[in-house]
J.: 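Quick one: the structure is below, questions incoming.
No experiment lies behind these values; they were computed from the predicted model shown. In what follows, chains carry the letters A, B, and so on, assigned in the order in which the sequence lines appear, proteins first and then strands, with residues in each chain numbered from 1.
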Number of protein chains: 4
Amino acid sequence: MARPSNTEERRQQIVQGLLRVMAERGYERASITEIAKAAGLSAGLVHYHFTEKQEILLTLVEQLAGRVRERVKTRLERVKGGARAQVDAFLDAFLATGEDADPASVAAWVTISAEAVRQPEVRAAYEKVVRADLEHLEELVGAVIGRRRARAVAAGLFAAVQGYFVLSTAAPGLTPPGSAAGTVKRMAAGLLDAAESQEGT
Amino acid sequence: MARPSNTEERRQQIVQGLLRVMAERGYERASITEIAKAAGLSAGLVHYHFTEKQEILLTLVEQLAGRVRERVKTRLERVKGGARAQVDAFLDAFLATGEDADPASVAAWVTISAEAVRQPEVRAAYEKVVRADLEHLEELVGAVIGRRRARAVAAGLFAAVQGYFVLSTAAPGLTPPGSAAGTVKRMAAGLLDAAESQEGT
Amino acid sequence: MARPSNTEERRQQIVQGLLRVMAERGYERASITEIAKAAGLSAGLVHYHFTEKQEILLTLVEQLAGRVRERVKTRLERVKGGARAQVDAFLDAFLATGEDADPASVAAWVTISAEAVRQPEVRAAYEKVVRADLEHLEELVGAVIGRRRARAVAAGLFAAVQGYFVLSTAAPGLTPPGSAAGTVKRMAAGLLDAAESQEGT
Amino acid sequence: MARPSNTEERRQQIVQGLLRVMAERGYERASITEIAKAAGLSAGLVHYHFTEKQEILLTLVEQLAGRVRERVKTRLERVKGGARAQVDAFLDAFLATGEDADPASVAAWVTISAEAVRQPEVRAAYEKVVRADLEHLEELVGAVIGRRRARAVAAGLFAAVQGYFVLSTAAPGLTPPGSAAGTVKRMAAGLLDAAESQEGT
DNA sequence: TATGAATGAGGCTTCATTCAT
DNA sequence: CATGAATGAAGCCTCATTCAT
């Protein structure tokens, strides 16, 4: 008698709509009307499934985080080799070009960073995601060089990743195509070597 | 009888107003009225000195770029030591904490990156600035390891800088305070060492 | 085979839902969804049992009127004493504090008065109820002082009752608590005395 | 050079627009568009002079209160006679029909009472006005019968006034036309007589 | 009967831009 | 140059009502 709920499906559509529109319009300019259109739904329906626009954005943050986590997990499982190879795998999960590269998601993520500056709720969600990723990387790095220096090294590598996101989105063509993953892995190698040789100091 | 023009002064005030407001509201939410208030001027006057809102943003991009260029120049002049020390000086100009560190400008720059995603004119201005900085760094790096690998290395280091900007603004407290400059310089050392030892390959 | 209709029960639930919501949100802001939630039903069902929102309100008017009529009837039956005691009983039915006092209903009634200003159908329903009550009071008053002055006196007493409703709802704490019934009965005494002594004039 | 401000004039127009529209539509249904139209202004301009719709309502409350205060003051100044005559004058200021009677304001006031039920800010403003009027009446009554009973008597008379407002607006034609002021004054007489004869009890 | 999705109109509010003074 | 009023176009959100299931 009761009508089966399709809310989850609709929410998915809407979040994907935001992703698409946001990648080329930014968040503020991504109007509910446009998001709805991109999702193939009516504008009113968007507010039936989401209390407010920001909630769509927060859901998207979760979703993007989940996808990356998935990619990291997959790559780490495939890794043969020691702790250093795991660090590389982690970095590849973020930067490797290939079929799972997703420019729209990267653009959305850059936009989200900027929104985090001014929307406390977005900042909280963003921080949570970044903290988790950062701690994961720190753990992998720590397995190579020990706890003490792991944090700063992880932060540096993660910053490089985020920086490539920004540059590839906001100024495409300025960074040598396809070089990101390799360069960051070389940075990692340099930092890890230096730290290892200092260990015990 | 004509009174002396104060246009340049007014434009300065307005651009600084945008800088202040943008750091906490983003660009879209920085209304002309608010910018004017932050500048201590009336709303109408803003459009007397700038044709449209975007023009203020473009002027701000130029200005921020100019300030950094100044800081780079100053630090390079002070450097004693070789090509490697110059690379470090360049990186310090962007990341060193100290009296010339300016969180509002960094926040504004992060916002500008996001706006570059959706406004062609902003993107052009952003790209121009990034290209100039990148080429400068590439030149400094090239002096150490040669032309061939300079581009990718410079891009990597520059990405790390931009990434630190994003993280320090959007997720403050997650990166070890004060570690940015040191870490990026260590990254530089690692990349330069590796490249030097490979040179001629 | 046909299941027994529960329409009357459902309508009751819905009307009570409106009563509850209206007391704190007013009529306009009492959305169908909220009314349904307060009634423990789904939103769609509300429109199965009522053609439109206004119909719920009109039903509520009838219901509130019915309850008061009941209370008046009960109190009049209990009265021992003459015509004056009946007037007092009538007033007590509206104003006496005690277990049958119902702030939510009073608040709803105040809201209904305001809606009567702008909705002709509500005004008609409101007028019908007020007219009946007023005529009843006029009759009781007339038994004491005669027809001629009964109307104005009844109107005055009824106005005082309505005024206490408004004040107790919209500015609670400003009228001495528990004094309403006593004061209006004293007003009645004064008016009836004065009229009686003038009778035949 | 600076353009002279006409804000006060515009605010007046807008508040009067709300008064007119509210008298026949209620507050919720009085859209900004309609208010603007009634004021002969554009909708956007309304929000240039008032931060939000509620602010117009609060301003109207103040204004209506001011007008009544004025009328009370005028009538009290004209009064020859003692304390009782002053009570009558006060009641006349609210209820007397004549050129200063203003049905639209009365209707607005009834609507305001209902809004006070659900909007805290409106309630605060409403309470403030009612408290002031009530205290004034209490003082006048106290001059006749002493402090002890003044409060309840004043509240009763004030309630009767408010009740007449409601009835005359929401159910016009049910109260004998022109009888309100006379009846309430008779109520006052009755209450004051009774209290005086009891004084010292 | 009952559910909950869907629609579409309309409301409040914000804001870049224009313009009279 | 400067002020501040004025406009008009969106944008977000709410909601009564309809409808497929």
J.: Given the C1' atoms of dT21(F) and dT1(E), what is the spacing between them in whole Å?
T.: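 After rounding to an integer number of Å, I get 13 Å for this pair.
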
J.: Nearest to the side chain of E52(A) - dT13(E), dT17(E), dC13(F)?
T.: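 For E52(A), the side-chain atoms sit closest to dC13(F).
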
J.: Would the distance check show the side chain of E127(D) and the main-chain N or O of A171(C) forming a donor-acceptor pair, the cut-off being under 3.5 Å?
T.: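 No, because the side chain of E127(D) does not come within donor-acceptor range (under 3.5 Å) of the backbone of A171(C).
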
J.: Kindly point out which of dT14(F), dA6(F), dA5(E) is positioned nearest to the side chain of N6(A)?
T.: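 When the side chain of N6(A) is considered, dA5(E) is the closest of dT14(F), dA6(F), dA5(E).
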
J.: To the nearest 0.5 Å, tell me how far E52(D) CD sits from L57(D) CG.
T.: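 One gets 11.0 Å once the value is rounded to the nearest 0.5 Å.
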
J.: Taking the side chain from R10(B) and the backbone from H49(B), do they hold a donor-acceptor pair closer than 3.5 Å?
T.: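 Not at all, since once roles are kept as given, no pair shorter than 3.5 Å links the two residues.
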
J.: At 4.0 Å (heavy atoms only), tell me whether L45(B) reaches a base, stays on the sugar-phosphate, or touches nothing.
T.: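 Base contact.
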
J.: Can you see if the side chain of H47(B) gets near the phosphate of dT17(E) - specifically, an N or O under 4.0 Å from OP1 or OP2?
T.: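 Yes, H47(B) has a side-chain N/O under 4.0 Å of OP1/OP2 on dT17(E).
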
J.: If you find the nucleotide of DNA chain F closest to Y48(A) and the one closest to Q54(C), which residue's nucleotide is nearer the 5' end?
T.: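 It is Y48(A), whose closest nucleotide lies nearer the 5' terminus.
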
J.: May I have the distance from R11(A) (atom CZ) to dA5(E) (atom C1'), rounded to whole angstrom?
T.: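 In whole Å, dA5(E) C1' and R11(A) CZ are 15 Å from each other.
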
J.: Rounding to an integer number of Å, can you tell me how far R25(C) CZ sits from dT14(F) P?
T.: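 My rounded result for the distance is 10 Å.
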
J.: Separation of K37(C) atom NZ from dT14(F) atom C1', in whole Å?
T.: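 Answer to the nearest Å: 13 Å.
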
J.: Side chain of I32(A) only, please: which of dC12(F), dA16(F), dA2(E) is the nearest?
T.: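 Output: dC12(F).
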
J.: Heavy atoms under 4.0 Å, any strand shown: does A30(A) hit a base, just sugar-phosphate, or nothing?
T.: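 Here A30(A) touches the backbone only, sparing every base.
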
J.: Could you check which of dA5(E), dG11(E), dA16(F) has an atom nearest any side-chain atom of S5(A)?
T.: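 The listed nucleotide nearest to S5(A)'s side chain is dA5(E).
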
J.: Report the base-pairing partner of dA20(E) (Watson-Crick or G-U wobble, both distances below 3.5 angstrom), or none.
T.: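 Base-paired to dT3(F).
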
J.: Taking only the side-chain heavy atoms of T7(D) (C-beta and beyond), determine which of dC12(F), dA5(F), dA16(F) contains the nearest atom.
T.: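 Between dC12(F), dA5(F), dA16(F), the one nearest the side chain of T7(D) would be dA5(F).
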
J.: Would you mind reading off the distance between E28(C) atom CD and dT17(F) atom P, rounded to a whole angstrom?
T.: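 E28(C) atom CD is separated from dT17(F) atom P by 11 Å.
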
J.: Rounded to whole Å, how long is the line connecting atom CG of L18(A) with atom C1' of dC12(F)?
T.: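 Atom-to-atom, L18(A) to dC12(F), this comes out as 14 Å.
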
J.: Tell me: CG of L57(A) to P of dG11(F), nearest whole Å?
T.: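 Atom CG in L57(A) sits about 17 Å away from atom P in dG11(F).
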
J.: Which comes earlier along DNA chain E counting from the 5' end, the contact point of V46(C) or that of Y27(B), where each point is its nearest nucleotide?
T.: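 Per heavy-atom nearest nucleotide, the more 5' residue is V46(C).
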
J.: T51(D) or A43(A): which one's nearest nucleotide on DNA chain E is closer to the 5' end?
T.: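 That would be A43(A).
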
J.: Rounded to whole Å, please give me the gap between CZ in F50(A) and P in dT14(F).
T.: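 Answer to the nearest Å: 15 Å.
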
J.: As a test of reading the structure: which of dG4(F), dT13(E), dA6(F) is closest to the side chain of S42(B), going by heavy atoms?
T.: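 Looking only at heavy atoms from C-beta outward on S42(B), the closest nucleotide is dG4(F).
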
J.: Round to a whole Å and report the spacing from CD of E8(B) to P of dC1(F).
T.: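 The answer, rounded to whole Å, is 11 Å.
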
J.: For DNA chain F, whose closest nucleotide is more 5', that of P4(A) or that of H49(B)?
T.: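 Per heavy-atom nearest nucleotide, the more 5' residue is H49(B).
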
J.: Please step through salt bridge (Lys or Arg N to Asp or Glu O under 4.0 Å) for the pair R11(A) and E55(A), ending with a clear verdict.
T.: CA-CA 10 Å; R11(A) 285 175 64 100; E55(A) 194 190 340; 3.3 Å; yes

J.: Can you tell me if the side-chain N/O atoms of R10(B) get under 4.0 Å from OP1 or OP2 in dA2(F)?
T.: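 So the side chain of R10(B) is within the cut-off, an N or O lying under 4.0 Å from OP1 or OP2 of dA2(F).
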
J.: Give, for atom CG of N6(B) and atom CD of Q12(B), the distance between the pair rounded to the nearest 0.5 Å.
T.: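 Between N6(B) CG and Q12(B) CD, I get 12.5 Å after rounding to 0.5 Å.
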
J.: Could you grab the distance from atom CD1 of I14(D) to atom CG of L19(D), nearest 0.5 Å is fine?
T.: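 I14(D) atom CD1 to L19(D) atom CG measures 14.0 Å (nearest 0.5 Å).
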
